[in-house]
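Only a predicted model underlies this, so the values are computations on that prediction, with no experimental measurement involved. All heavy atoms count here, side chains included; hydrogens, waters and symmetry mates do not.
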Amino acid sequence: MALPRLDVASLVAALNAQREARGISWRKLATEAGVNPSSLTRMQQGKLPDVNTFTALTHWLRMPAEEFMTGSTEGRAKPHPLAVASTLLRGKREMTPEALKALDELVQAAFKLSKELK
Amino acid sequence: MTYRRGFKAEAERIAVEIRAELGLDLTDALDVHAVADHLGLPIVPLSGLSPNGGFQAFFQYQDPESFSAITIFSGTARLIVHNDAHHPNRQHSNIAHEIGHCLLEHEPAPLVNEAGCRYWNDAFEAEADWLGGALLVPRDGGLCLAKRGWDIEQIAAHYGVSDVLCRWRLHQTGVIRQLERFAGRRRW
């Protein structure tokens, strides 16, 4: 029998949904929940939270922990994927067409890698 | 550049918090890779991506100024790619800048706008510059080292940044002005 596991993506999605509905930042959410903001950043990267962080966050959400274990089916928030990779870029403000083409190739290669790392 | 109200204080606070989480003093040099690791952010050098056309040679040799670093979003996860053809100090600054975007929760944007030009957000870029700089050269850390008699070149070398960035940080945070008032004369 497969053991239940924490579904971090669903937890992040649920937190994000409440956060956006209230118009607050992740940092403010962390303060309200009593967790380290860096923990939320790690979770967005797919890393598992520690037990105390998980407990604090489900308490903040007012949702039972079981909602975020794989295998639970009803009422689970679905992670919303981005259809297209979008970016934050540091570089020249004005880019030549050749540079933009190279950048497009770079983004495709990087996006492919980001999928492999998941 | 006019920053939003309270931003600079917020950025300095975030920078200090991150250092504390890593067990670093304000006078310690910051390893940007350690910060990225702490946040779960993968950092990939340009040379580490699988070839896909000539983009690596283009950004490494032909036009290195046009690409410093980029954060790729896939769902909520970020991946940072940086130009490892740049000077090591500049790489620190580039990576710190992207980490700055992450810590400030800047939303991602399309690469190009409707006109086919690079999408650019002045406020986001300025804020990431500021927080990146604050991570690398904390205000009170720079002040402490300067009071010990270190000059800008020594402080810059210690923190692993360029003299230009170090001078900018110490000037913008009022450290230089404070030291000159303290010494009663122009020093820098």
Proximal component of B:H97, with respect to chain A [non-hydrogen, under 4.5 Å]: side chain
Proximal component of B:N94, with respect to chain A [non-hydrogen, under 4.5 Å]: both
Point-to-point distance, once rounded to the nearest 0.5 Å, from CG of B:D163 to CD of B:Q154: 10.5 Å
Interchain contact, B:F67 with chain A, by part (heavy-atom threshold 4.5 Å): both
Pair B:R5 + B:E10: basic N to acidic O under 4.0 Å: no
Summary of side-chain hydrogen bond (donor to acceptor under 3.5 Å, both in side chains) pairs that have at least one residue in residues 13-25 of chain B, sequence neighbours excluded: A:R27-B:E17, A:N36-B:E21, A:S38-B:E21, B:E21-B:H38, B:D25-B:T27
Main-chain N/O of A:D7 paired to A:S10 side chain as donor or acceptor, under 3.5 Å: no
Residue among B:G54, B:A77, B:S50 with most heavy-atom pairs under 4.5 Å to chain A: B:A77
A:K101 bridged to A:E105 by N-O distance under 4.0 Å: yes
Pairwise salt bridge (Lys or Arg N to Asp or Glu O under 4.0 Å) hits with a residue in residues 73-102 of chain B, at least two apart: B:E65-B:R90
B:L46 portion near chain A, given a 4.5 angstrom heavy-atom threshold: side chain
Contacts with chain B made by residues 40-56 of chain A (heavy-atom distance under 4.5 Å), listed by residue number: A:T41, A:R42, A:Q44, A:Q45, A:K47
B:H86 versus B:S68, closest heavy-atom pair with distance: CE1-OG, 3.5 Å
Toward chain A, the part of B:Q56 with a non-hydrogen atom under 4.5 Å: neither
Distance-only donor-acceptor check, side chains B:W130 and B:Q172, under 3.5 Å: no
Chain A contact via B:L39 - which portion, at a heavy-atom distance below 4.5 Å: both
A:T70 backbone acceptor or donor facing A:R5 side chain under 3.5 Å: no
Residues in ring-ring contact (aromatic ring centres under 6.0 Å, His included) contact with B:Y159, at least two apart in sequence or another chain: none
Contacting region of A:L117 [heavy-atom separation from chain B under 4.5 Å]: side chain
Part of B:L41 lying under 4.5 Å from any heavy atom of chain A: both
